[in-house]
Amino acid sequence: MTSSGPDLSVQVAGIAMQNPVMSASGTFGYGMEYEEYLDLSELGAIVTKAVTLEPREGNPPPRVRETPAGMLNAIGLQNPGARAFIDEKLPQLREFGVPVIVNISGRSVKEFAQLARMLTVDGVDALELNVSCPNVEDEGMHFGVDCSSTGELARAVVDSTDLPVIVKLSPNVTDIREIAVAAAEAGAHALSLINTLLGMSIDIDTRRPHLGNVTGGLSGPAIRPVAVRMVHEVAREVDLPIIGMGGIMSARDAIEFMLAGASAVAVGTANFVEPATMRDVIRGIADYCRRHDVARVAELTGALRID
Amino acid sequence: MTSSGPDLSVQVAGIAMQNPVMSASGTFGYGMEYEEYLDLSELGAIVTKAVTLEPREGNPPPRVRETPAGMLNAIGLQNPGARAFIDEKLPQLREFGVPVIVNISGRSVKEFAQLARMLTVDGVDALELNVSCPNVEDEGMHFGVDCSSTGELARAVVDSTDLPVIVKLSPNVTDIREIAVAAAEAGAHALSLINTLLGMSIDIDTRRPHLGNVTGGLSGPAIRPVAVRMVHEVAREVDLPIIGMGGIMSARDAIEFMLAGASAVAVGTANFVEPATMRDVIRGIADYCRRHDVARVAELTGALRID
Amino acid sequence: MPRAVAHLKRRETVGPGHYLLHLACPEIAASAQPGQFIHLRVGDGTDPLLRRPFSVMLTNPDEDDVQVLVRTVGRGTELIADHEEGKQYDLLGPLGHGWPKPGPGEDIMLVAGGVGVAPLIFLADSLRTVEDRPYVRAIFGGADQDALVCWTEFASRCEEFTAVTEDGSAGETGLVTDVLVPEIERDRPQRAYACGPDAMLAVVAEICAGAGIPLHVSMEQWMGCGVGACLGCAIPAAEGGYVRVCTEGPVFDADQIDWERMNER
Amino acid sequence: MPRAVAHLKRRETVGPGHYLLHLACPEIAASAQPGQFIHLRVGDGTDPLLRRPFSVMLTNPDEDDVQVLVRTVGRGTELIADHEEGKQYDLLGPLGHGWPKPGPGEDIMLVAGGVGVAPLIFLADSLRTVEDRPYVRAIFGGADQDALVCWTEFASRCEEFTAVTEDGSAGETGLVTDVLVPEIERDRPQRAYACGPDAMLAVVAEICAGAGIPLHVSMEQWMGCGVGACLGCAIPAAEGGYVRVCTEGPVFDADQIDWERMNER
Ligand SMILES: Cc1cc2nc3c(=O)[nH]c(=O)nc-3n(C[C@H](O)[C@H](O)[C@H](O)COP(=O)(O)OP(=O)(O)OC[C@H]3O[C@@H](n4cnc5c(N)ncnc54)[C@H](O)[C@@H]3O)c2cc1C
Ligand SMILES: Cc1cc2nc3c(=O)[nH]c(=O)nc-3n(C[C@H](O)[C@H](O)[C@H](O)COP(=O)(O)OP(=O)(O)OC[C@H]3O[C@@H](n4cnc5c(N)ncnc54)[C@H](O)[C@@H]3O)c2cc1C
Ligand SMILES: Cc1cc2nc3c(=O)[nH]c(=O)nc-3n(C[C@H](O)[C@H](O)[C@H](O)COP(=O)(O)O)c2cc1C
Ligand SMILES: Cc1cc2nc3c(=O)[nH]c(=O)nc-3n(C[C@H](O)[C@H](O)[C@H](O)COP(=O)(O)O)c2cc1C
Ligand code: FES
Ligand code: FES
């Protein structure tokens with residue numbers, strides 16, 4: 001970035017990022033997997049795959065399936081557990097010199113709180129609460145789709161850590177604003193949205209679901225209009241920074257989310273299609289700012305014109 | 001159909017259809033528009049664009065916009081009103097000799113009931129309640145996303161007509177099963193799902209929403225996995241016939257919906273892409289039945305295998 | 001049945017980002033009227049999903065030839081710009097209502113902006129063979145000389161022709177409307193036809209209304225079906241409510257349009 | 001950096017619905033090991049969205065030549081079957097772990113089902129140039145003779161070769177496993193390699209385990225990223241949990257796989 005170029009830096013929940021572009025949880029492994037394809041030190045932040053208290057095996061295959069302009073996944077939170085994450089993944093992740101946001105998932109409020117305490121360590125810059133994974137239904141809870149449980153969870157985590165807490169919202173709800181408000185009132189420092197839409201597809205020859213888990217999460221460009229709408233809705237209702245995601249493939253798409261109200265964006269499925277997507281998005285945003293005389297990228301946030 | 005071919009006929013809420021393929025409301029005008037492109041007498045049924053009590057002008061343009069594997073629309077219930085529909089459109093519609101299902105929309109329970117009474121005339125075979133249009137928010141009601149209003153509405157319409165009543169469900173809800181149950185308990189004879197997902201897209205050069213109405217309904221193949229999942233969920237919960245729709249482009253897609261639990265299917269956006277889609281879907285279903293030794297297409301309903 | 005298959009015989013680059021498609025399509029060549037459009041399926045999958053509407057620029061029924069002028073503005077038109085000769089297109093058409101014919105020997109004015117020239121070339125061409133043919137004046141405007149695509153095809157079919165560019169790189173400097181006003185003052189046409197960006201059409205409509213000149217405009221709007229079924233292509237009508245570009249248009253009398261509501265966006 | 005651009009030099013139809021792509025790709029030609037795969041972007045838009053994995057069948061580093069065998073089964077492979085010569089592909093690769101090399105002079109058995117032949121042709125080819133080369137026997141099975149694509153390429157690189165089809169239209173009649181059992185009884189190989197449908201691999205694994213023959217299998221699974229990041233391509237591991245086909249595989253020792261859980265679907 002030359003000194004005359006646009007200022008791409010953003011602050012989200014106190015996390016200083018050199019640009020607003022990060023990875024979406026679960027689509028970028030722990031970063032290392034993509035090291036050969038792009039320079040990770042150029043990213044705004046890295047968001048990890050969900051980490052749970054104990055190791056998880058994940059769901060039986062098939063776990064992914066393409067759908068029109070999208071994909072279904074039912075990975076099922078496979079991960080080595082918090083201990084192994086801290087010992088084996090985190091040291092490598094820190095080396096890239098960009099903020100590390102750890103996506104966490106648990107079976108209960110207690111487990112989330114415990115995880116938050118464990119992960120409040122050097123090298124972790126923020127926690128993202130995966131309250132919306134379709135699989136987190138144990139203990140009779142269905143976080144993320146009702147306000148009281150989301151609020152309770154967010155508050156418990158906020159109370160267990162001094163790291164910024166980002167609550168990741170599920171799109172599978174009647175009114176996402178309500179949930180966003182609950183998270184805000186519970187003290188969350190930022191919101192990220194959207195997680196995947198719950199979907200399903202069927203092999204008509206075998207008459208079986210394509211996914212081993214029957215249903216899965218729909219991601220990719222197909223869901224972008226839903227994601228942009230939700231970011232727009234939440235941004236008008238809640239005074240917290242938003243990390244917008246859902247089908248971002250290009251700088252154009254990223255800018256759409258920022259205009260709708262996002263302070264930063266995350267790239268998910270597009271990483272699979274083109275491993276260098278985030279680099280291209282960062283450059284494309286800079287180009288756009290130059291072309292449109294935008295001095296600071298943060299000016300784009302919520303700059304949608306509606307008359 | 002030769003006598004040795006598969007039996008494609010289905011009964012949905014007492015409506016006898018020669019095959020399970022109908023048009024989705026709002027995508028096929030009043031049928032006449034497509035007369036030159038396919039033989040309407042071959043269809044299972046025709047579902048009309050929404051009819052309201054009074055004429056409606058609809059929303060300002062732009063009203064449609066393409067999105068990845070889908071489209072957004074915000075037509076806004078433009079229609080000539082029930083009187084003009086009955087006088088000018090219905091006589092022509094009847095000529096095709098297939099069941100006519102009239103999609104109705106109102107501003108209040110009273111209006112829906114009044115419409116139902118008006119449309120209980122010769123030549124109308126069933127009513128489909130558009131309880132889920134994003135625009136129906138007048139009188140403080142937001143039908144379709146909560147159970148009590150859906151139930152109240154369905155009951156009022158059922159009480160106002162002796163025609164079969166089909167309740168069309170919105171996908172923009174946390175749990176579509178709850179709404180389906182409410183409709184069933186209120187006496188609905190069938191359910192149709194899904195209506196469009198609420199979405200939005202933005203022109204990053206002008207910084208304005210693409211649609212005049214800001215938000216709109218997302219349809220097309222992009223939403224198919226969500227639609228199939230919802231049909232599957234509702235079919236396991238509610239004992240009413242389901243008309244499945246959302247992104248059907250081919251016989252394969254239609255069969256997916258039937259395996260998930262639909263008794264019939266509707267084709268929407270695909271009509272714009274290929275006006276003869278419904279003909280091709282009907283033929284393709286017949287081929288599939290032949291290849292897979294399915295004697296009656298109705299056997300496909302809910303034939304998904306999950307172990 | 002208004003649908004056809006067309007083969008791409010040749011694709012000519014007629015300017016930066018502008019292509020002239022020569023399609024082999026007997027049905028359209030035989031039946032398309034000036035001002036009508038075709039609704040073309042660009043790919044066979046979901047990217048892009050919907051058809052794309054294009055005006056017919058010229059037809060040659062003897063050679064089954066249909067010419068379509070395409071400006072690349074997005075995914076669909078960029079794909080078209082890459083298609084190889086021999087590419088087969090599925091299309092609906094000819095669709096919509098074309099230009100009303102001028103009266104015998106009328107003095108008419110054609111006003112084109114950018115690719116809006118296409119349906120006006122077809123109109124000018126069709127008038128060459130009529131008895132007691134009208135006297136055709138034309139104004140063709142664009143941002144710069146590159147935007148004046150196919151101007152020779154246009155100019156050669158008109159009695160008088162004025163080019164105008166915003167940057168002065170070709171013809172007069174300014175907007176089409178800067179030329180239109182003096183032209184009307186010099187010699188008032190009995191009828192005008194216009195096609196181009198909405199903003200241009202609105203000003204042309206105002207000028208013609210002021211001068212009492214009947215004006216026909218060809219309008220654009222995002223389309224779903226192209227056949228009148230989806231109500232997606234509505235534009236505000238002068239009498240209130242909306243009219244469909246695909247069915248009632250794309251050619252309208254200027255006074256059918258509510259230009260004020262058109263300008264709201 | 002494991003990514004490259006490849007040009008389609010030639011596309012050969014090698015059987016109904018089977019195509020052999022000759023790609024110009026110096027990077028892959030120089031570095032791909034037998035059993036590795038490439039992750040190819042079929043289009044540049046969203047249809048299809050994800051990359052598609054294909055084994056490398058042969059390379060010729062001197063001519064920058066990479067051969068890939070493609071069977072059309074869906075949207076992506078059908079698009080490939082339509083691509084013109086000169087088509088440019090963006091690809092990641094070579095990816096994954098290839099076949100472990102046999103020991104010097106070992107007696108080995110290759111078992112291929114359908115397009116599963118591709119990585120085994122590459123293996124057989126690579127063994128031709130090693131010192132003290134192994135003795136290579138091969139069994140190639142398919143539904144019918146059309147499924148035995150590229151069998152001459154395979155047979156010509158092996159010491160012994162048996163074809164088998166379910167309908168008897170070529171070679172022996174039956175399944176590969178019907179041939180494998182007597183072949184093992186006749187002369188027990190020291191090592192076996194197999195690639196084909198899951199069901200075939202499961203039976204081959206059982207046979208080899210029973211006979212105490214070390215077996216290497218190349219597995220398939222739906223992929224997201226292809227580089228180990230999404231955990232989408234997991235298959236059940238013998239030690240519990242799952243392994244990734246793209247990263248730990250696609251070649252595994254047969255005893256790394258939990259065949260019982262594999263068979264659950
Ligand atoms: C009746 C009619 C006749 C037309 N004739 C011509 C013609 O002769 N030559 C020509 O180059 N273009 C013509 N157009 C415009 C042409 O249809 C669009 O440029 C084209 O559809 C863009 O497709 P895309 O995928 O490249 O763009 P997209 O990526 O879909 O969109 C890019 C931009 O193109 C414009 N656009 C897209 N679709 C439409 C549409 N249906 N109507 C209006 N604007 C649109 C929008 O401003 C949009 O922002 C005509 C449009 C209509 C309605
Ligand atoms: C490591 C590896 C190596 C492969 N090597 C070859 C090869 O050399 N030649 C060859 O023809 N095919 C090979 N395949 C399979 C090939 O990737 C699929 O056939 C292809 O992706 C199908 O794409 P499609 O769009 O045509 O099918 P789709 O329309 O996407 O699906 C059609 C069917 O293809 C199968 N399929 C699709 N994608 C995959 C996938 N990623 N993995 C497994 N099965 C899939 C499924 O059974 C599906 O039902 C390989 C797969 C893997 C994982
Ligand atoms: C394969 C895959 C795995 C994912 N895993 C997680 C996860 O562990 N935690 C989480 O919060 N979101 C997870 N997500 C959701 C993404 O982070 C993101 O919210 C969603 O995919 C939408 O963005 P996209 O369309 O750009 O992919 C996953 C998505 C995919 C495709
Ligand atoms: C342009 C358009 C107009 C529609 N109008 C109506 C309507 O009037 N009433 C209604 O119940 N649904 C309406 N719908 C929703 C469709 O009937 C259908 O539920 C939805 O589009 C999903 O199906 P599809 O993906 O096949 O289009 C409309 C959809 C479109 C695209
Ligand atoms: S485009 Fe559908 S009505 Fe005009
Ligand atoms: S395909 Fe993503 S981990 Fe293997």
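Please read these numbers as outputs of a predicted model, since none were measured by experiment.
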So, for D:Phe54 and D:His39, is the gap between ring centers shorter than 6.0 Å?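 Ring centroids of D:Phe54 and D:His39 are no less than 6.0 Å from each other.
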
Heavy-atom pairs under 4.5 Å with chain D are the metric here; pick the option from A:Glu57, A:Met71, A:Lys49 that has the most.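 Ranked by heavy-atom pairs under 4.5 Å with chain D, first place is A:Glu57.
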
Please identify which of these residues, A:Leu93, A:Ile101, A:Ile104, A:Val124, meets the side chain to side chain contact (heavy atoms under 4.5 Å, CB included) condition with A:Thr48. A:Leu93

Can you tell which part of [X] gets under 4.5 Å to a heavy atom of chain D, answering side chain, backbone, both or neither?
| X | result |
| --- | --- |
| A:Glu274 | both |
| A:Met32 | neither |
| A:Tyr34 | side chain |

Among D:Thr247, D:Asp90, D:Leu92, which residue has the highest count of heavy-atom pairs closer than 4.5 Å to chain A?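 So the answer, after comparing D:Thr247, D:Asp90, D:Leu92, is D:Leu92.
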
Pair [X]-[Y], side-chain donor/acceptor within less than 3.5 Å:
| X | Y | answer |
| --- | --- | --- |
| A:Glu128 | A:Ser192 | yes |
| A:Gln78 | A:Arg63 | yes |
| D:His7 | D:Tyr89 | no |

